[in-house]
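In what follows, a single structure is set out as structure tokens and then discussed.
What you are looking at is a predicted structure, and each value in this text was computed from that prediction instead of being measured. Lettering follows sequence order; numbering is per chain, from 1.
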Amino acid sequence: MKKLDESLLSDLPPFSQLDGSQIREILDLAKTKRFEENVTVFEEGAEAERFYLLLDGTVRALHVTPEGEHVTALHVPAGQLFGFAAAFGRSTYPATVETAAEAVTLWWPMSLWPQFVARYPGFATESYRTIGQRLNEMQTRVVELSVLHVEQRVARTLLRLIQQSGRQEDGGIVIDFPITRRDLSDMTGTTLHTVSRLLSGWEKKGVVQSERKHITVCKPERLHALSEGRPV
DNA sequence: CCATTAAAAGCCA
DNA sequence: TGGCTTTTAATGG
């Protein structure tokens, strides 16, 4: 296999405190894998044999109910680890992970996780920081689901997405991966129809702009107002 | 206010 | 063409 460049990792938080030789060690243990858009990386409950670093693309963690309903828990932007079940003391993955866009990953056998944590300074603290952030996000989302109105939930979701995966463009901030009304309804606990109507309404007001699988937030301020139930 | 159902139109492989 | 995405309208909780 081709040698991986050390600069792949040196700027990412879990590895930023490591010197060149340490990053070299880590890269030499890694394997790369590319995934097409909308494919499953691993399933909830499966043996957690690998942990991944997302080099490029976006993945989402989700749960599928027995009735086949999808509930998206969170999105993971490029540069973050995912699937590190060993960090929670689990031997199986806690959620299904799918690619939201074509993705490039590095992966390591889960058996290496304890060694990484023990050997590499900063790796553990940064990984647990990531866990904390995701836990926080999931908690606030649970609260939001129960107390906020649909319009506020969808607005907040869009704001989170542009904050985590947004790319500045001339017309506004565009969500950097393909996203459908259906995806948004899975994230907000509503229906694709309601999401469609909301987006259409916002588009008329110039707050957002959307094509199929592609949403741009033109006026984040006004979206923020909407997320607090304030009229715009 | 929001979900459900139904129907139709548009986009893309 | 067939399947997926989106919009729109009607209905009902």
Side-chain angles (χ1 to χ4, degrees), chain A residues 33-44 56-78 95-104 137-167 169-232:
Chain A
K33 186 163 172 57
R34 233 178 50 83
F35 295 89
E36 299 299 314
E37 179 178 332
N38 283 320
V39 299
T40 301
V41 178
F42 52 73
E43 305 236 17
E44 174 171 1
D56 191 35
T58 303
V59 301
R60 53 174 171 254
L62 55 94
H63 299 276
V64 181
T65 66
E67 299 80 38
E69 210 174 337
H70 288 202
V71 181
T72 302
L74 56 87
H75 281 78
V76 178
T96 297
V97 166
E98 295 175 352
T99 56
E102 187 179 83
V104 180
E137 177 179 336
M138 285 160 61
Q139 280 182 174
T140 60
R141 276 164 44 78
V142 167
V143 173
E144 285 172 17
L145 266 176
S146 58
V147 302
L148 294 185
H149 294 161
V150 168
E151 182 176 47
Q152 299 174 283
R153 302 208 297 267
V154 177
R156 290 196 65 98
T157 300
L158 281 181
L159 288 171
R160 241 197 328 271
L161 287 174
I162 61 173
Q163 180 193 324
Q164 293 174 351
S165 309
R167 186 164 40 81
E169 272 201 354
D170 38 356
I173 306 171
V174 48
I175 295 172
D176 208 16
F177 57 88
I179 183 162
T180 66
R181 271 61 170 166
R182 173 63 132 142
D183 294 331
L184 269 177
S185 68
D186 286 342
M187 288 177 238
T188 52
T190 181
T191 64
L192 75 160
H193 307 92
T194 299
V195 171
S196 175
R197 279 189 286 267
L198 284 172
L199 287 178
S200 300
W202 294 344
E203 180 145 17
K204 282 199 186 75
K205 297 176 189 168
V207 179
V208 303
Q209 196 180 324
S210 70
E211 302 150 23
R212 73 173 8 216
K213 295 190 175 186
H214 183 103
I215 300 174
T216 304
V217 177
C218 310
K219 308 267 176 56
E221 297 317 310
R222 297 178 68 182
L223 199 58
H224 190 257
L226 286 165
S227 78
E228 294 178 342
R230 246 177 311 136
V232 296

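- Listed for the A/T96 side chain is a donor-acceptor partner under 3.5 Å among the backbone atoms of A/E44.
- A/G206 and A/C218 get closest at one heavy-atom pair: O-CB, 3.6 Å.
- Although no hydrogens or angles enter the test, the distance criterion places no donor-acceptor pair under 3.5 Å between the side chain of A/T216 and the main chain of A/I173.
- In plain terms, the two heavy atoms of A/A73 and A/R141 that are nearest each other are O-NE, 3.2 Å.
- Residues that satisfy the salt bridge (Lys or Arg N to Asp or Glu O under 4.0 Å) test with A/R181, not counting sequence neighbours, are absent from this structure.
- Between the CG atom of A/L198 and the P atom of B/dA3 there is a distance of 9 Å, rounded to whole Å.
- In terms of the salt bridge (Lys or Arg N to Asp or Glu O under 4.0 Å) criterion, A/E43 has no residue partners (sequence neighbours excluded).
- Of the residues in residues 203-218 of chain A, those with a non-hydrogen atom less than 4.0 angstrom from any atom of DNA chain C are A/R212, A/K213.
- Shown for residues 173-184 of chain A: residues whose heavy atoms fall under 4.0 angstrom of DNA chain C, namely A/T180, A/R181.
- Judged as a ring pair (Phe, Tyr, Trp, His ring centres under 6.0 Å), the pairs with a partner in residues 170-220 of chain A (not counting sequence neighbours) are, in order, A/H75-A/F177.
- By the salt bridge (Lys or Arg N to Asp or Glu O under 4.0 Å) test, A/E169 pairs with A/R167, sequence neighbours left out.
- Nearest heavy atoms, A/G189 versus A/R153: O-NH2, 3.5 Å.
- No donor-acceptor pair under 3.5 Å is formed between the side chain of A/S165 and the backbone N or O of A/P77.
- For the salt bridge (Lys or Arg N to Asp or Glu O under 4.0 Å) test, residues two or more places apart in sequence or in another chain that qualify with A/E137 are A/R160.
- Among all heavy-atom pairs drawn from A/L199 and A/V208, the shortest one is O-CG2, 3.9 Å.
- Sorted by first then second residue, the salt bridge (Lys or Arg N to Asp or Glu O under 4.0 Å) pairs that include residues 216-232 of chain A, not counting sequence neighbours, are A/E228-A/R230.
- Applying the salt bridge (Lys or Arg N to Asp or Glu O under 4.0 Å) definition to pairs two or more places apart or across chains, those involving residues 183-202 of chain A are A/R182-A/D186.
- To the nearest 0.5 angstrom, A/T188 atom OG1 is 12.5 Å from A/Q152 atom CD.
- Put simply, CG on A/L199 is 12 Å from P on C/dT8, counting in whole angstrom units.
- Between A/H149 atom NE2 and B/dA3 atom C1' there is a gap of 15 Å when expressed in whole angstrom units.
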* Intra- and interstrand pairs of DNA chain C - dot-bracket, Watson-Crick/G-U under 3.5 Å, | marks other strand -> |||||||||||||
I'd like a table of atom pairs between the protein and nucleotides 10-13 of chain C - only N or O on both sides, under 3.5 Å - with the distance next to each one.
none

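- DNA chain B is contacted by A/G189, A/T190, A/T191, A/H193, A/T194 of residues 186-194 of chain A, taking any non-hydrogen atom closer than 4.0 Å.
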